[in-house]
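Here is how names work: the chains are called A, B, and so on, in the same order as the sequence lines, proteins then strands, and each is numbered from 1.
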Amino acid sequence: MSIERHEIEKLATLSRIAINENTITEVSQRLGSVLELVDQLQAVDTSGVAAMSHPLQATQRLREDEVTEINQREAFQAIAPDTEDGLFLVPKVIE
Amino acid sequence: MSWETVIGLEVHVQLATKTKIFSGASTAFGAEPNTQACAIDLAMPGTLPVLNKQAVHYAVMFGLAIDAEIGQESAFERKNYFYPDLPKGYQTTQLEKPIVGRGNVEIQLADGRSKNIRIHHAHLEEDAGKSLHEGNFRHGVSGIDLNRAGTPLIEIVSEPDMSSAEEAIAFAKKLHSIVTSIGICDGEMSQGSMRFDVNVSVRPTGATELGTRTETKNLNSFKFMEEAIAKEVERQIDLIEDGGSVIQETRLYNGDTKVARSMRSKEEANDYRYFPCPDLLPVIVSDETIEELRRNLPELPDARQARFVEQYGLSDYDAGVLGGDAAMAAYFEIASEKSGNAKLAANWTMGELAARLNNQDLSINKSPVNAEQLGGLVARIADNSISGKMAKEVFEGMWAGEGSADEIIEARGLVQVSDSGALEQMVTDVLAANQTMVDDYINTEEAKRKKKLGGFMGKIMQASKGQANPQQVNKILAQKLNELV
Amino acid sequence: MHNLTIAQLAKGLQSKDFSSVELTQHFLARIAELNPAYNAVITVTAEQALKAAAAADKRLAAGNAPALCGIPILHKDIFCTNGVRTSCGSKMLDNFIPPYSATVVENFEQAGAVVLGKTNMDEFAMGSSNETSFYGPVKNPWAIDCVPGGSSGGSAAAVAARLAPGATATDTGGSIRQPAALCGITGLKPTYGRVSRWGMIAFASSLDQGGPMARTAEDCALLLNCMASYDDKDSTCIDRDVPDYSADLNNSIKGLKIGVPKEYFSDGLHAGTEDAVRSALAELEAQGAELVEISLPNSALSVPAYYVIAPAEASANLSRFDGVKYGYRCEDPKDLNDLYTRTRAEGFGEEVQRRILIGTYCLSAGYYDAYYGKAQQVRRLIQQDFEKAFAQVDVIMGPTCPSPAFKFGSKGDDPVAMYLEDIYTIATNLAGLPGMSVPCGMVESKPVGLQIIGNYFDEARMLNVAHQYQQATDWHDQMPESIQQGAES
């Protein structure tokens, strides 16, 4: 099973990963192989079965609304790729 | 061809919690960039979210205020897309099981009609950061400030029940009033505490099917929303009448330039790939919590409005204006208490004060004259120490920061003479000095005499340097003139 | 010294047979000498280790020091360590020095343990052979041309080669148990929610769990005592008392009911592996346990379900790696889209990219119900299988892996061939149950592991069974030939 080229391109766009022209065929074949594996799920009768998102029966803990974090901008921005004047810099964003 | 408009609103309300929805970083407004963005807000590897209890409670309070179903078991999903102000590359939000379900908001319109606007649901989600396109940084880049990332929001989604800009604004203002009255949002529109996305479509009058709608995003003032709606309705009608069709798209409206435009179009609609967030567990709101929040829910705008009519004897209209805005209502009540005269306090709050604030684009919370001070001024009018005209002068002084009403009255020597003996003498003196005017008055037909009073009043006020109590002078003057006739 | 277990080292430190500084120097020297052959350790923190050892020695002298005080360990490079590079085996984080530590790391710090460095791993924990690391593959000390297993291949190989007496690791689909089996050591994946995930770089959030690797169950118990804790920074961490996992080690296992799933002994299981595992089961029977044949009918679905759920969660978890806040950024991005697509294409290896694409596919419009929705339902079926089984038995056992360590590159071009390595381990992650692997034999001079699966929070019992097994056998004491002379092979 192999995935259509345009599907791969769509996935690459959605996940923001540049796929090399040369490797698209290979990527397509390998993805196809994995999809064949997971398609085995289609044969299973799951009517009436509740989906399971969490292994635990627990519920969400609620945190008190008190400030616990101090300003650590310097430490965080010391490891950032590109900053200036306290801001993270990226190529111009056009809306 | 006559057209009708269909409008639905999605309103993003920033909750006034001290910390973010999923981290303990502060949400205080105006901090230096990225000084309130902790490891969780920056989406550092290995960091995890923990839900803010107050955010949950505020959301439930909103649900109670609009009589909505409360989602006692709600869950979070991840909405996936890439944007620099979205550090994780997904927004944690609610989709399948929101915390607030169907509810209702009643709006009052100018012609006295009431209309019910249905709320589809309201859900909790996190706010994104900010992108700055200009600043103290090199050319050709954008600067990202993640202070706002993680601020708790509730997104309130209405049904498309509004059919005019007026209704949409009334609805938006009512929501503003509700969320500020119950204290879950500070209502500071200029700070982005409330943002509106407007969905607009048109259809031939009487049609049942909805037309294609467009969404205009991120409006943060009622005025801009009104303008944007009007423009969009016109655009859509023109487009259809010219033989074209409306494309479903996202639009932006710039209130300063008055320009509306389509957002940079993407090749395909964003596929957000929602799925349950595995880092967060189901959120349970117990019956006890709901009851406690209900018990302690602050006064709602409609209830307050009714109370103002009853308690202060205000007209429905005045009660509506003062009671509608939480900040204004609070201001009015303090001024009323301080002055002891609700009607006068109401007039001054809605009149002189509101006009000034509007003029300088200030919210009442930023008024240079606070409620206590206004109350003090109104008290002096009420006890006749100063006239209405003098009060205006004192108000100017208070606005300029010269101090309290009493301090200004003293400093400027503004005293209204109300002593009947002194006033009688004043009137007598003026009449004696203006025999010609008196003769003229006596010789005038009775029906036309009232008009001549103004001239005497002018002279008396002049002689008293504006300090004579005009109402009393009027009475004494009329009495004395009658004696002479 | 490197042939002593943690338990023995702890005693030695208490009796002042040696100091923590001496111990630390010894292991640092071993790493310097032997690591090049195995590539198990990618960052050595010698200076910090010696400082910590000196401090530990002071604490030991003062008396009343915790059990692991002065014991050298390694952390899988998936646990954030404040001030020390944490790469997750990826180019994307090659330059990432976190200003915070994982809770697991802090737990060990408070206990006075000495961190020798960070171990190699499959990139972003995605792999079963440690062949996908940006830092090169890890070699199996038992057979240098074979894989050590993954994703915790570095931790497993390091312990097997006695570069450290214990190491931390993580398991999402078998990444502790499978390398433990292939490297002849003991490894345990706790119940989901037992160990805090704060600071543990996320792969698949509802499946990931941190756990210990060491040569013996007794040592794993000591390490687990330290790793397990309630952490309010992790919403999925369970607030439940941490028992002393060492307390029940010597309980008798007479009458213990051991479930043996028939689905775990079918085609695809290497004959030699099967023999070793059956011998181990026989040994336990001899000790008084009762073997009960059970069925886990939906076992075959665990791999497909996992390869939908794990990539789906990972595709979202890895979206944060965008070259904006930290980590790798491509050179001279032309525009925003270029920044994202090139940073991620260059920063992520092939397997990671593949899983992100699969995950994106399974969550995309039109496919969600058929893949993700379906997989979550199958997950429930798998959990229900275990529930029914645990109504009849106390623990479940079988082989950890279908065969012993395979040669590098032998799983070739087909990713699915690699995925099937996890066929016995994956179901426990889906259900959130605890699982462990103990050495139980040798096939073609390569180790074989016995898997023990317990009920929720039943780690103490699992460690008990494993310990009893290890009292009667010596597979766990075996030493790879390549280190027997202490020299590189």
(request) Name the orientation class of the two ring planes belonging to Y340(C) and F82(B) (parallel below 30°, tilted from 30 to 60°, perpendicular beyond 60°). (result) tilted
(request) Applying side chain to side chain contact (heavy atoms under 4.5 Å, CB included), run through I40(B) and W198(C) and close with a yes or a no. (result) CA-CA 10 Å; I40(B) 295 169; W198(C) 174 266; 3.7 Å; yes
(request) Identify which part of D234(C) has an atom lying under 4.5 Å from any heavy atom of chain B, answering side chain, backbone, both or neither. (result) both
(request) Let me know if A204(C) has heavy atoms under 4.5 Å from chain B in its side chain, its backbone, both or neither. (result) neither
(message) Given heavy-atom pairs under 4.5 angstrom as the criterion, report whether the side chain, backbone, both or neither of F79(C) touches chain B.
(response) neither
(request) Give a yes or no on whether the backbone of P87(B) and the side-chain of K325(C) come within a donor-acceptor separation of less than 3.5 Å. (result) yes
(request) Specify which of A312(C), C88(C), S235(C) makes the most heavy-atom pairs with chain B at under 4.5 Å. (result) S235(C)
(message) What part of T360(C) gets within 4.5 angstrom of chain B, counting heavy atoms only: side chain, backbone, both, or neither?
(response) both
(message) At a 4.5 Å cut-off on heavy atoms, which part of F96(C) comes close to chain B: side chain, backbone, both, or neither?
(response) side chain
(request) List the atom of S205(C), the atom of R78(B), and the distance in Å for their closest heavy-atom pair. (result) OG-NH2, 3.7 Å
(message) Looking at R148(B), I'd like to know if its CZ atom is crowded, meaning that more than 12 non-hydrogen atoms belonging to other residues, nucleotides or ligands lie closer than 6.0 Å.
(response) yes
(message) I'd like to know which of L281(B), D279(B), N80(B) tops the heavy-atom pair count under 4.5 Å against chain C.
(response) D279(B)
(request) Indicate the atoms forming the closest heavy-atom contact of R320(C) with M44(B), along with that distance. (result) NH1-O, 3.3 Å
(message) Looking only at heavy atoms and a cut-off of under 4.5 Å, which of Y367(C), Y100(C), Y368(C) has the most pairs with chain B?
(response) Y100(C)
(request) Using a cut-off of under 4.5 Å on heavy-atom pairs, state which of P276(B), P45(B), P278(B) scores highest against chain C. (result) P45(B)
(message) Please classify the contact of N317(C) with chain B as side chain, backbone, both or neither, using a heavy-atom distance under 4.5 Å.
(response) both
(request) Kindly give the heavy-atom pair with the smallest separation between G89(B) and S319(C), and that separation in Å. (result) CA-CB, 3.8 Å
(message) As an exercise: rank L48(B), L86(B), I144(B), V50(B) by heavy-atom pairs under 4.5 Å with chain C and give me the winner.
(response) L48(B)
(message) Can you confirm whether E249(B) is buried at CD, in the sense that more than 12 heavy atoms of other residues, nucleotides or ligands lie under 6.0 Å from that atom?
(response) yes
(message) With a 4.5 angstrom heavy-atom cut-off, is it the side chain or the backbone of A365(C) that approaches chain B, or both, or neither?
(response) both
(request) Select one option (side chain, backbone, both, neither) describing which atoms of L336(C) are under 4.5 Å from chain B's heavy atoms. (result) side chain
(message) Counting neighbours of CD on Q191(B) that are heavy atoms of other residues, nucleotides or ligands and sit closer than 6.0 Å, is the number greater than 12?
(response) yes
(request) Can you measure from OG1 (T47(B)) to CE (M200(C)) and round to the nearest 0.5 angstrom? (result) 13.0 Å
